[in-house]
Amino acid sequence: MRKINLLFVYIFLGLGTVMAQSKPQILVQPYLQDAEPNSITIMWETSSGEESIVEYGTSPRLGKKAEGNAEGINFSDTRVHTVKLKGLERFTEYYYRVKTGKLTSDIFQFKTPPFANDEESFNIVAMSDMQYDSQHPNKFSEVVNQGVLQYLQKEYGGKLPDNLAMVMIPGDLVQSGSQYYQWKEHFFDPAQKLFAQVPVYPVLGNHERNSVFYFKYFSLPENGTPAYAEHWWYKDYGNTRIIGLNSNEGYRNLREQYEWLAKVLAETETDDNIDFVFAQLHHPHKSELWIPGEDESTGKVVEMLEAFSTKTGKPSVHFFGHTHAYSRGQSRDHKHLWVNVATAGGAIDNWGEFEGRDYDEFTVSQDEYGFVMVEVDGNRSDPKFTIKRISRGNEGKFRDNELRDSITIWRLEKKPEAPKIISPTNNELVEEEFTLLKAGEFSSPLSGAFLAAAHWQVSETKDFEKLALDSWKQYENWYYEEDRQKNDDLTDEKTKRLKPATTYYWRVRYRDQNLNWSDWSETASFKTKRNEK
């Protein structure tokens, strides 16, 4: 009799375990997608159930309801739910919760975007390469919860949806996109407090492996090339256009993507509501810490953005990742920034670990965890944006949301004064084969501006078509934890070896820290001494 009772107990406990495991649950908490001034998409995942309901309103009492659809995502009963809320008021705070059968989430908040003519300012977080690292399995959670969320609370106070408009992610969300469990455990779970209240906009990295799960989990803008839905797209928020691109093998050189980008940029040229263009793609054109990670196709995107910014006067940025470290650079002749926003979780590419190179374009490179804050000023009379690198440090030194780099870019041109030529000049005869060029002090009508770059040219012809020197240097150049420009005030430059008995022409221009170039100085000439040997 006792054996029968024990058997009954075992059976009962076993059934209880099965029943507990099969109890419906919310697997992925609600997260926000594709926000417009009058609409937003809300998604979540459950272990079972077809019902897809969002209750929402302008107060915690909610009062309104919208229904959507559910779609299978794995070879099981799991369902990803998608509900689009329509008829919303622009730049308005809403409360919401999701329901599937008896499952009900907590109440969360979001804020709809403004129109550009509302002249509202806003913030963006950009971070990437948060794929799981077994040596630091909780790093992405730390970057989000102790990093982004605590930084926003400390800097701005108040509610999260008031402080942050969107999250940009240029790729490598998980270690292996084809592994279903990684999406919940490694990406959505660590960031649920952020994604439930702020829309997230990713692009594909190489680790996503073009997985079906990526396309099931995200509902990105449907304005790309129809045959390549969600591979590239754009999203407007206030006075800024965000462009998402696919730089992965099989897509990076597709004619359709470049044609689409060219069309979008052409439309943006004539759109007076857009002041700035931020593009994001995964692979770098150049990388100071990991040369093997570079890709030439990104260079073509950079050229298109440079040409756009110079033609229109609208500054642009390309955000990227792939190299697991922060870098910030700028194009020489264009108001265009290069910003690597990694790493938010993936193992750091430490200095000296891989082949690297000190590129002219980059001013700062740091092998640290962290994220990038972008503060956009919507004032239409004088709009600007500021990019800030917020660091969580590395294994050698912990940094608690430390500001490590910053740059502000204005939409309107604010030229410094053209530098004055000091020496050599007036066809002066110079003795040295390596001549020292000297120019005057920096001057600008912009308060607080300082000399941040100098561009020197020496030519054998007055039209500067036959250059003997073309030197561009920044006021700082942090490479391998050393500032290679330390103590260089940029007002003089030594030439390369010059030919004897030759007349040369030279000029210089100055740039401030906001990427505003002066006009070129007047052209001066000098003559090298005859070689008497």
Side-chain angles (χ1 to χ4, degrees), residues 34 126 128-129 168-173 177 201-211 214-215 218 220-237 240-271 273-287 291-323 327 329-342 359 361:
D34 200 11
S128 75
D129 296 81
M168 296 172 60
I169 303 180
D172 281 4
L173 288 64
Y201 297 92
V203 295
L204 288 153
N206 55 293
H207 279 274
E208 276 66 71
R209 300 184 180 180
N210 209 34
S211 165
Y214 176 90
F215 297 98
F218 298 107
L220 298 167
E222 298 178 350
N223 49 24
T225 306
Y228 299 93
E230 297 184 303
H231 285 274
W232 45 86
W233 45 266
Y234 72 86
K235 164 65 58 182
D236 292 344
Y237 192 105
T240 301
R241 176 157 289 175
I242 313 296
I243 299 177
L245 299 167
N246 188 341
S247 63
N248 288 287
E249 188 174 354
Y251 296 89
R252 58 176 58 135
N253 290 313
L254 282 177
R255 171 181 51 82
E256 290 88 346
Q257 182 168 200
Y258 292 119
E259 288 179 348
W260 175 86
L261 177 58
K263 181 180 178 183
V264 170
L265 292 177
E267 293 171 351
T268 311
E269 286 182 18
T270 57
D271 190 337
N273 291 317
I274 301 300
D275 293 314
F276 309 116
V277 170
F278 299 161
Q280 63 170 350
L281 73 174
H282 185 59
H283 296 82
H285 175 41
K286 295 181 179 180
S287 172
I291 287 177
E294 299 175 347
D295 193 86
E296 291 183 6
S297 65
T298 299
K300 184 169 182 178
V301 173
V302 173
E303 289 177 0
M304 295 174 72
L305 292 168
E306 288 175 337
F308 163 82
S309 290
T310 297
K311 181 178 181 180
T312 65
K314 299 180 180 186
S316 61
V317 184
H318 75 280
F319 295 102
F320 58 96
H322 201 46
T323 300
S327 287
Q330 47 278 315
S331 298
R332 189 187 70 180
D333 300 318
H334 314 272
K335 199 176 279 191
H336 175 80
L337 286 175
W338 311 32
V339 183
N340 184 335
V341 301
Y359 285 112
E361 288 85 359

S.K.: Show, in sequence, the C-alpha distance, side-chain angles and deciding distance for His322 and Asn206, and conclude whether the side-chain hydrogen bond (donor to acceptor under 3.5 Å, both in side chains) test is met.
M.R.: CA-CA 8 Å; His322 201 46; Asn206 55 293; 3.2 Å; yes
S.K.: Find the distance between CG (Asp172) and NE2 (His282) and round it off to the nearest 0.5 Å.
M.R.: 3.5 Å
S.K.: Once the angle between the rings of Trp260 and Trp232 is folded into 0 to 90°, is it parallel (under 30°), tilted (30 to 60°) or perpendicular (over 60°)?
M.R.: tilted
S.K.: Test: salt bridge (Lys or Arg N to Asp or Glu O under 4.0 Å). Region: residues 256-267. Which pairs qualify, not counting sequence neighbours?
M.R.: Arg255-Glu259
S.K.: Please list, chain by chain and in numerical order, all residues satisfying salt bridge (charged side-chain N to carboxylate O under 4.0 Å, His left out) with Glu269, sequence neighbours excluded.
M.R.: Lys311
S.K.: Could you tell me which residues satisfy ring pair (Phe, Tyr, Trp, His ring centres under 6.0 Å) with Tyr359, sequence neighbours excluded, listed by chain and number?
M.R.: none
S.K.: Could you list all the salt bridge (Lys or Arg N to Asp or Glu O under 4.0 Å) pairs where at least one residue sits in residues 242-254, not counting sequence neighbours?
M.R.: Arg252-Asp295
S.K.: Test side-chain hydrogen bond (donor to acceptor under 3.5 Å, both in side chains) on His334 and Thr310 and set out the steps.
M.R.: CA-CA 6 Å; His334 314 272; Thr310 297; 2.5 Å; yes
S.K.: Who are the side chain to side chain contact (heavy atoms under 4.5 Å, CB included) partners of Arg332, not counting sequence neighbours?
M.R.: His455, Asp470, Trp472, Arg509, Trp517
S.K.: Residues two or more places apart in sequence or in another chain: which of them pass salt bridge (charged side-chain N to carboxylate O under 4.0 Å, His left out) with Asp275?
M.R.: Arg380, Arg411
S.K.: Which value, rounded to the nearest 0.5 Å, describes the distance between Leu173 atom CG and His207 atom NE2?
M.R.: 11.5 Å
S.K.: Does Ile242 offer a backbone N or O that forms a donor-acceptor pair with the side chain of Gln280 under 3.5 Å?
M.R.: no
S.K.: Less than 4.5 Å apart, any side-chain heavy atom of Leu265 and any of Ile243?
M.R.: yes
S.K.: With sequence neighbours left out, write down each residue that passes ring pair (Phe, Tyr, Trp, His ring centres under 6.0 Å) with Phe308, or none if nothing qualifies.
M.R.: none
S.K.: Tell me the closest heavy-atom pair linking Gly293 and Pro284, and the distance in Å.
M.R.: O-CD, 3.4 Å
S.K.: Is there a donor-acceptor contact under 3.5 Å from the side chain of Glu296 to the main chain of His285?
M.R.: no
S.K.: Rounded to the nearest 0.5 Å, how far apart are OH of Tyr201 and OH of Tyr237?
M.R.: 9.0 Å
S.K.: Where is the tightest heavy-atom contact between Ala279 and Leu305, given as atom of each residue plus distance?
M.R.: CB-CD1, 3.9 Å
S.K.: Can you tell if the side chain of Pro202 reaches within under 4.5 Å of the side chain of Tyr214, non-hydrogen atoms only?
M.R.: yes
S.K.: Under the ring pair (Phe, Tyr, Trp, His ring centres under 6.0 Å) rule, collect the residues that match up with Tyr234, sequence neighbours excluded.
M.R.: none
S.K.: When rounded to the nearest 0.5 angstrom, what distance separates NZ in Lys235 from CG in Asp34?
M.R.: 4.0 Å
S.K.: Per the salt bridge (Lys or Arg N to Asp or Glu O under 4.0 Å) rule, what does the pair list look like for residues 300-310, sequence neighbours excluded?
M.R.: none
S.K.: In Å, rounded to the nearest 0.5 Å, how long is the span from CZ of Phe320 to CG of Asp129?
M.R.: 10.5 Å
S.K.: Applying salt bridge (charged side-chain N to carboxylate O under 4.0 Å, His left out), name anything that partners Lys286, two or more places apart in sequence or on another chain.
M.R.: Glu361
S.K.: Just to verify, what does His231 make a side chain to side chain contact (heavy atoms under 4.5 Å, CB included) with, not counting sequence neighbours?
M.R.: Leu204, Asn210, Phe215, Tyr228, Asn246, Tyr251
S.K.: If you measure from CG on Asp271 to NZ on Lys314, what distance do you get to the nearest 0.5 Å?
M.R.: 5.5 Å
S.K.: Side-chain donor-acceptor pairs under 3.5 Å in residues 335-342, sequence neighbours left out?
M.R.:
unit_1	atom_1	unit_2	atom_2	d
Lys335	NZ	Trp410	O	3.3
Lys335	NZ	Asn516	OD1	2.9
His336	ND1	Ser316	O	3.4
His336	ND1	Ser316	OG	2.6
His336	NE2	His318	ND1	2.8
Trp338	NE1	Ser331	OG	2.9
Asn340	OD1	Ala342	N	3.0
Asn340	ND2	Thr323	O	3.0
Asn340	ND2	Ala325	O	3.1

